[in-house]
Amino acid sequence: MSMDQGEVVDVVLVGGGIVSATLASILGQLMPDKSIRVYERLESVAIESSQVMNNAGTGHAANCELNYTPEKPDGSIDIAKALSINEAFEVSLQLWSHLVEAGALPAPSEFLNPIPHLSFVWGENDVRFLRTRHARLGGHPMFQDMRITEDDAEMAEWMPLVMEDRPRGAPLATTRVDRGTDIDFGVLARLLFDGMQRRADFSLHVKHHVKGLQRSPEGGWRVTVQDREARQAREVRARFVFLGAGGGALPLLQKSGIPESRGYGGFPVSGHWLVCTNPDIIARHRAKVYGKAAVGAPPMSVPHLDTRIWKGRPALLFGPYAGFTTKYLKQGSFLDLPRSLTFDNLRPMLAVARDNTSLTRYLVSQVLQSPEQRLGSLRQFMPTARMEDWRLEVAGQRVQIIKPDPKRGGKLEFGTEVVASADGTLAALLGASPGASTCAATMFELVQRCFPDRAGTADFQAALRRMIPSTGHSLSIEPDVLRTVRDRNNAVLGLRSA
Ligand SMILES: Cc1cc2nc3c(=O)[nH]c(=O)nc-3n(C[C@H](O)[C@H](O)[C@H](O)COP(=O)(O)OP(=O)(O)OC[C@H]3O[C@@H](n4cnc5c(N)ncnc54)[C@H](O)[C@@H]3O)c2cc1C
């Protein structure tokens, strides 16, 4: 295969999912003079994790996800993570509001729909947990619209499928936040890229696989890109490279050889949904109902019965059922995991294997589940469920972060993390959750960290405040700013409060 000497650009974004699309839009607004190239290995953008069926589309704002409010040993509830996720999601809403107003995004209903977010629990311990959580969160301005009920009739009104023919006995409780969302991150990514196509020095190349990168003697990076159709490789030089390759980010980060990448590894978790095929059932549910994770389950495997809006039509899914594979991308290779083992990350990987036996047991039990067992889990949420109304679909792939830990040798993390070179010329986003919902806040931070000269200018800061009016404020401690920001987001994006 021949190698072309390629062009010189300011920015290369690897991967065409929601994260690269978000970063491209932010750069397009804040630094319109930058030349940007996006390379996506598949035939279209956003058909890996960001594709609508591959994720749950929940606009994670900590309204219903019980794993964001862990219970402390003394029985109290820690709400710090819920506050920071809610604030980060409000940054995403501000970005989308700005882009809609600027005409860079079309009507929000093309990618975002208001859907109530509910948490549903059963059994004395979990009901007590939900009451304490509601008392803590409901007292905070961010969650003051959260309602709770233990009344069967009200629960039946909120989620008829969940209450129909439910055996009596165990106590039940449900919280509800009306200002919840369902988001099609695949459509959103495509719309964001469409908005960028109108810019002068931007181009998106599908079927282009980034094979590797190395530091350029002139500064920045030499990126090797293979055109999969022409079967030709070329080199592109860039001052800044972002590895927004989802599960493909870790192998490229390792190839970069930056010292900051040492010791990182990845733990892939696959997933399945049950997708409802009966329109009469779909029509009877309009909520995202999240439960509590089983013992040993990773936090992102919290089961939920979930209204989705796909191409303008409601859909209903239940899951995810976790699974194990050695692939880092749904359209990846079984060699992804073994190939990512290095001298540096072997110890952290082995330490995680040693310390997470309950997770391993959980994953094995999920993989070995029979269709009847899957139906059993669904029936905990929907007692009248029948197998003939549901089909099994493969969800997207998540790669959880494994990193060195001085005490235990290695630890497994369930969030996302930006790993960047000290000189700010390379950055990668690792991990998956809360992922798409909060990636705008992460990308704003990344831009300020990797382009410090520009970020320090008054023009940049003014443009930033126009895009994200809450810049410089803390929404969790400034209720007036929170109200103003939410009123505007509600008006532009068609969201509603209780
Ligand atoms: C089961 C499941 C449920 C989820 N639920 C939610 C949810 O409810 N809410 C939420 O906010 N998030 C959710 N997420 C997380 C969310 O889907 C991800 O955080 C988000 O889609 C990641 O976007 P991305 O752009 O980083 O990755 P992707 O969408 O995977 O995009 C990465 C792209 O990079 C490309 N690529 C990889 N390697 C290369 C290479 N070498 N060269 C060129 N291109 C390359 C890939 O083909 C891919 O298109 C869920 C994820 C899963 C798996």
Side-chain angles (χ1 to χ4, degrees), residues 19 49 67-68 70 72-73 78 80-81 84-85 243-271 293-302 320 322-330 332-367 396-422 426-435 438-439 442 445-446 449:
V19 178
S49 292
N67 52 309
Y68 296 153
K72 293 197 248 182
D78 184 351
K81 189 167 186 186
S84 73
I85 287 176
L243 306 178
L250 176 68
L252 287 172
L253 183 64
Q254 291 175 327
K255 283 184 184 167
S256 77
I258 61 169
E260 293 78 5
S261 70
R262 275 194 207 126
Y264 278 86
F267 181 80
V269 179
S270 61
V295 177
M300 73 282 183
S301 289
V302 174
F324 180 74
T325 156
T326 53
K327 287 184 184 182
Y328 278 173
L329 291 160
K330 194 170 170 180
S333 155
F334 287 111
L335 295 176
D336 287 342
L337 174 62
R339 276 194 195 128
S340 76
L341 292 174
T342 65
F343 182 71
D344 292 327
N345 68 18
L346 200 57
R347 185 160 176 255
M349 301 277 268
L350 291 174
V352 164
R354 180 198 63 212
D355 293 344
N356 288 274
T357 45
S358 62
L359 172 63
T360 314
R361 265 199 306 276
Y362 171 80
L363 290 177
V364 170
S365 71
Q366 289 272 299
V367 172
Q397 195 68 10
R398 302 195 218 224
V399 181
Q400 307 304 146
I401 301 167
I402 292 178
K403 61 195 280 192
D405 178 68
K407 280 200 197 123
R408 308 203 57 85
K411 62 180 173 184
L412 181 62
E413 301 226 319
F414 292 102
T416 52
E417 184 175 332
V418 171
V419 178
S421 61
L426 178 79
L429 183 72
L430 302 181
S433 194
T438 55
C439 71
T442 313
E445 272 173 39
L446 180 145
R449 178 171 162 192

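Values below: every heavy atom of this structure, side chains too, minus hydrogens, waters and symmetry copies. Computed from a predicted model, the values in this text were never measured in an experiment.
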With distance as the sole test, does Ser421 use its side chain to make a donor-acceptor pair with the main-chain N or O of Leu426 at under 3.5 Å? yes
Residues which pass side-chain contact (heavy atoms from CB on, under 4.5 Å) with Lys330, listed by chain and number, not counting sequence neighbours: Glu48, Asn54, Val394
Min side-chain heavy-atom separation Leu250-Leu430 under 4.5 Å: yes
Using side chain to side chain donor-acceptor pair (under 3.5 Å) as the criterion, list what pairs up with Lys403, not counting sequence neighbours. Glu417
Do Pro251 and Asp336 come close enough that some side-chain heavy atom pair is under 4.5 Å? no
Would you compute the distance between atom CD1 of Ile401 and atom CG of Leu429 and round it to the nearest 0.5 angstrom? 7.5 Å
Please name the pair of heavy atoms, one in Leu329 and one in Gly247, separated by the smallest distance, quoted to 0.1 Å. CD2-N, 3.6 Å
Checking Ser340 now: which residues fulfil side chain to side chain donor-acceptor pair (under 3.5 Å) with it, not counting sequence neighbours? Tyr328
Could you work out, with side-chain contact (heavy atoms from CB on, under 4.5 Å) as the rule, every residue matching Asp355, not counting sequence neighbours? Arg408
Looking at every heavy atom in both Ala249 and Leu243, which two are closest together, and how far apart are they? CB-O, 3.8 Å
Can you list the residues that meet the side chain to side chain donor-acceptor pair (under 3.5 Å) rule with Glu413, with sequence neighbours excluded? none
Which atoms form the tightest heavy-atom contact between Val399 and Gly266, and what is the distance? CG1-CA, 3.6 Å
Sorted by chain and number, sequence neighbours left out, salt bridge (Lys or Arg N to Asp or Glu O under 4.0 Å) with Glu445 holds for none
Quick one: does Gln397's side chain have a donor or acceptor within less than 3.5 Å of a partner on Lys327's backbone? yes
Can you name the residues that form a side-chain contact (heavy atoms from CB on, under 4.5 Å) with Lys407, not counting sequence neighbours? Asp405
Can you pull the side-chain hydrogen bond (donor to acceptor under 3.5 Å, both in side chains) pairs that have at least one residue in residues 251-262, sequence neighbours excluded? none
Quick one, Phe414 and Phe267 - any side-chain contact, counting heavy atoms below 4.5 Å? no
Using every non-hydrogen atom in the two residues, find where Leu446 and Ala427 come nearest and quote the distance to one decimal. CD1-CB, 3.7 Å
Okay, side chain of Thr326, backbone of Phe334: is any donor-acceptor separation there less than 3.5 Å? yes
Set of residues satisfying side-chain contact (heavy atoms from CB on, under 4.5 Å) with respect to Val352, sequence neighbours excluded: Asn356, Ile402, Leu412
Smallest heavy-atom separation, Gly409 atom then Ala351 atom, equals C-CB, 3.9 Å
